[in-house]
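Side-chain atoms are counted along with the backbone in the values below, which use heavy atoms only and exclude waters and symmetry mates.
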Amino acid sequence: MTSATPIRLLQRAWYASSFDVFSAQSEDEIVGHLTQQSNHAIELTQRDAWLAEIELLRRWLKGRNGTLLLEFNIPRMGLRADAVLVIAGFIVILEFKVGDSTVGQGALNQVWQYALDTKNFHEPSHRLPIIPVLVPTGLAVSEPAAPSYASDWVSDPIALAPQQVPGLLDELSQRFSSPIDSDAWQAGRYRPTPTIIEAARHLYAQHDVADIVRTEADATNLTDTAHRLETLIQQAQRHDEKLICFVTGVPGAGKTLVGLNLATARRDIGDSHAVFLSGNGPLVSVLCEALTRDDVRRRRQAGESVTKASASKPIKAFIQNVHHFRDEALRAAQAPVDRIVIFDEAQRAWNLQKTTLFMRQKKNQPNFNRSEPEFLIETMDRHKGWAVIVCLVGGGQEIHTGEAGIGVWIDACRERFPHWRLCLSDQLLEAEYGAGEPLRRARAGTQTELYRDLHLSVSMRSFRADSVSAFVKALLDEDQDAARNALSHFNDRYPIAITRDLNAAKQWLKRQARANERYGLLSSSKAMRLKPYAVDVRLAADPIHYFLAEREDVRSSFYLEECATEFQVQGLELDWACAAWDADLRMTSTGWRHYDFAGSRWKNIHSTENQRNLKNAYRVLLTRARQGMVIFVPAGDEEDATRAPGYYAETFDYLQGLGLCVI
């Protein structure tokens, strides 16, 4: 008798079949399917683990109806769940630990994260109960805990001995009986929204940007922007011309991801080599460290002998600090090796005054008379033939003094490099980008073109609520009606709480975070009077440890002892955040007031540039969280003149009046 034919294998799973077909097939057939899909030699230990899992699954699934998927890909994590059971009314995700007799918290978190990512990013799973189950095959039988479900119907992870799994399936089948179209579930869109660290890892491993981001209906997406940039680069090559592109986007929309996608895709293309440049030191450090660790792990798993130092060299070649690129241009008069340069947060490049002062004091260049944008364009203009500059532009994110803004880039092209073609996002005219008058002058020329798909309009950071950035903008603009309206559209999916108690805020974070979701404490760099709460912004958090260390490391964000400021977190993100709000930015009867702490008292900030920078610092802090946040506003202390209750009361009342939940 010939064996039954399995359901067509899907790319997402190495093996997929109905329970009946699975039961009819031999172990060799099933292992053969898995091996064929693996694309590499299978070690004996892996084969033995599969055989043990198959034996258990045969016993558990006998007489049941449903679909089994083995080695199911979880795209955002780059990992595979051992098994997924699609049964009428619910989904079970199984992680086996063959031979283990104990339950590790790391293993529980792993299968829990599989369930959360499936819930959040797989469209057909949004409304289904998902139960993550850890099965250490040597675990002794004990009284199992009943599944406990969060509001999104993902249960807490359960650890079971093998003989307890059938009982769980019986219980779930009685509770959840609505039919599931297995084919539709498997074919459903799985569009993850990765953190910038996860995205960089995937891109460096040669995945396409379309594979790691979700699609937004009726919104310009990353793929459109990536295609537009590639088209413009190809035009520059064909016509042997120089052009500069400006990509705009709301906070968290994926501007950095677009740049990384372009840099990774072209890092090994000879004359078309691209480099990703950023003046954001923490972002460069964290990305380089994360990519190096991941590359070493993957290569060692493949049996290659590799050191961290050797793995880091090519990574540092395509992700660089913009100031290192600038300094190299001072040392040599020839064109750089890179034909394509991507400048992240281009609006933060230094203006003429800051650049000339730095060059005179630090680089022994007393006659230097160019802004940083002008010098960077001049450097790329050394190329004979074509060259492309891509400027990634964030609106309302200037947080340093001496930042040039985007207008200086445009004026430099118009006045000194008129042969450069300007390809601009059509959103650059918006006030928040500060390019109004220079852009109007540039548009009068023939070398300026506007493109709608060079703007990213939807935030991916807050994947549960695209309008968080609009809420934060309205909050800071004192547009209370717009803030309340924005909040009403997401407050059931993206919680924002306020409190006067920092301990309550920390406990809220810990309750909200599940599995490996990262949380942390944030505050403005001018928040000098949070020290009574053990929040000292003068002790800068190390961003590598803060964002990459595990929860057991006291230097990690998980410990809630290190506080990161806008300078450490801009461009990076957390799943859950506590933003500590000090008296540097205060709501008053006349609107926001801006303060700096000097000596032993608060002083008014009179400079409009510094006022803008302080407000933007809070914009950065309030847009770091992907899933929700709590804002801590101290009650103050009547016995401390620097922490008078009145410094904080109106700010808290203003936030509460917007409809934020008080805890």
Side-chain angles (χ1 to χ4, degrees), residues 3-43 46-47 49-58 60-61 64-98 110-126 128-135 154 165 169 180-192 194 202 205 207-208 210-212 214:
S3 60
T5 302
I7 292 173
R8 179 177 60 88
L9 290 177
L10 299 176
Q11 186 176 7
R12 194 170 296 135
W14 288 2
Y15 174 92
S17 81
S18 67
F19 292 171
D20 288 342
V21 170
F22 168 72
S23 298
Q25 286 187 297
S26 69
E27 293 177 343
D28 288 343
E29 284 180 291
I30 298 168
V31 171
H33 283 300
L34 292 168
T35 303
Q36 184 179 15
Q37 293 296 313
S38 69
N39 295 321
H40 59 77
I42 297 298
E43 296 182 358
Q46 177 62 75
R47 183 180 184 278
W50 281 340
L51 290 172
E53 295 166 14
I54 291 168
E55 181 183 353
L56 290 172
L57 287 164
R58 283 193 194 284
W60 300 342
L61 303 181
R64 301 181 190 275
N65 295 316
T67 299
L68 169 67
L69 302 112
L70 298 178
E71 298 294 335
F72 181 80
N73 183 35
I74 309 291
R76 190 173 78 97
M77 301 177 70
L79 299 173
R80 291 183 177 274
D82 288 338
V84 174
L85 308 181
V86 183
I87 304 178
F90 60 95
I91 305 295
V92 176
I93 298 181
L94 294 163
E95 182 67 17
F96 293 90
K97 296 299 178 185
V98 176
Q110 180 183 0
V111 70
W112 199 2
Q113 195 67 58
Y114 291 162
L116 291 169
D117 280 6
T118 301
K119 166 64 69 171
N120 289 328
F121 306 126
H122 184 231
E123 289 183 353
S125 298
H126 289 343
L128 293 175
I130 301 179
I131 300 88
V133 180
L134 176 68
V135 184
V154 175
V165 174
L169 297 180
I180 296 177
D181 184 333
S182 177
D183 290 339
W185 188 89
Q186 294 175 68
R189 291 196 310 172
Y190 199 131
R191 288 302 189 196
H202 281 262
H207 292 278
D208 184 79
D211 297 330
I212 57 172
R214 63 196 171 119

Heavy-atom distance under 4.5 Å between the side chains of [X] and [Y], does that happen here?
| X | Y | value |
| --- | --- | --- |
| Val31 | Ile54 | yes |
| Tyr114 | Ile130 | no |
| Trp14 | Leu70 | no |
| Ile91 | Thr118 | no |
| Leu94 | Leu57 | yes |

Output the distance between atom [atom1] ([X]) and atom [atom2] ([Y]), rounded to the nearest 0.5 Å.
| X | Y | atom1 | atom2 | value |
| --- | --- | --- | --- | --- |
| Asn65 | Phe19 | CG | CZ | 8.0 Å |
| Arg64 | Ile87 | CZ | CD1 | 6.5 Å |
| Phe121 | Leu116 | CZ | CG | 9.0 Å |
| Gln186 | Ile180 | CD | CD1 | 11.0 Å |

Any idea which heavy atoms bring Ser182 and Thr67 closest together, and the distance?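 Minimum heavy-atom separation between Ser182 and Thr67: OG-OG1, 2.6 Å.
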Closest contact, heavy atoms only, Ala115 versus Ile93: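 Where Ala115 meets Ile93 most closely, the heavy atoms are CA-CD1, 3.7 Å.
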Side chain [X], main chain [Y], donor-acceptor under 3.5 Å:
| X | Y | result |
| --- | --- | --- |
| Gln46 | Glu43 | no |
| Lys119 | Pro129 | no |
| Arg58 | Phe22 | yes |

Leu61 and its side-chain contact (heavy atoms from CB on, under 4.5 Å) partner, picked from Leu85, Leu56, Val165, Asp20: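 The side-chain contact (heavy atoms from CB on, under 4.5 Å) with Leu61 is passed solely by Leu85 among Leu85, Leu56, Val165, Asp20.
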With sequence neighbours excluded, tell me which residues meet ring-ring contact (aromatic ring centres under 6.0 Å, His included) with Phe90.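 Partners of Phe90 under the ring-ring contact (aromatic ring centres under 6.0 Å, His included) test: none.
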Using the test ring-ring contact (aromatic ring centres under 6.0 Å, His included), find all partners of Trp185 that sit at least two apart in sequence or belong to another chain.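 Residues passing ring-ring contact (aromatic ring centres under 6.0 Å, His included) with Trp185: Phe72, His122.
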Under the side chain to side chain donor-acceptor pair (under 3.5 Å) rule, collect the residues that match up with Glu53, sequence neighbours excluded.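 So Glu53 forms no side chain to side chain donor-acceptor pair (under 3.5 Å) with any residue.
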Please identify each residue that fulfils side chain to side chain donor-acceptor pair (under 3.5 Å) with Trp50, with sequence neighbours left out.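 Trp50 satisfies side chain to side chain donor-acceptor pair (under 3.5 Å) with Glu71 only.
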SB check Asp28 Arg47 (cutoff 4.0 Å):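 Yes, Asp28 and Arg47 are salt-bridged.
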Restricting to salt bridge (charged side-chain N to carboxylate O under 4.0 Å, His left out), what partner residues turn up for Glu55, sequence neighbours left out?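 Only Arg59 meet the salt bridge (charged side-chain N to carboxylate O under 4.0 Å, His left out) criterion with Glu55.
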If a pair satisfies salt bridge (charged side-chain N to carboxylate O under 4.0 Å, His left out) and one of its residues is in residues 84-94, list it, with sequence neighbours excluded.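 Every pair satisfying salt bridge (charged side-chain N to carboxylate O under 4.0 Å, His left out) with a residue in residues 84-94: there are none.
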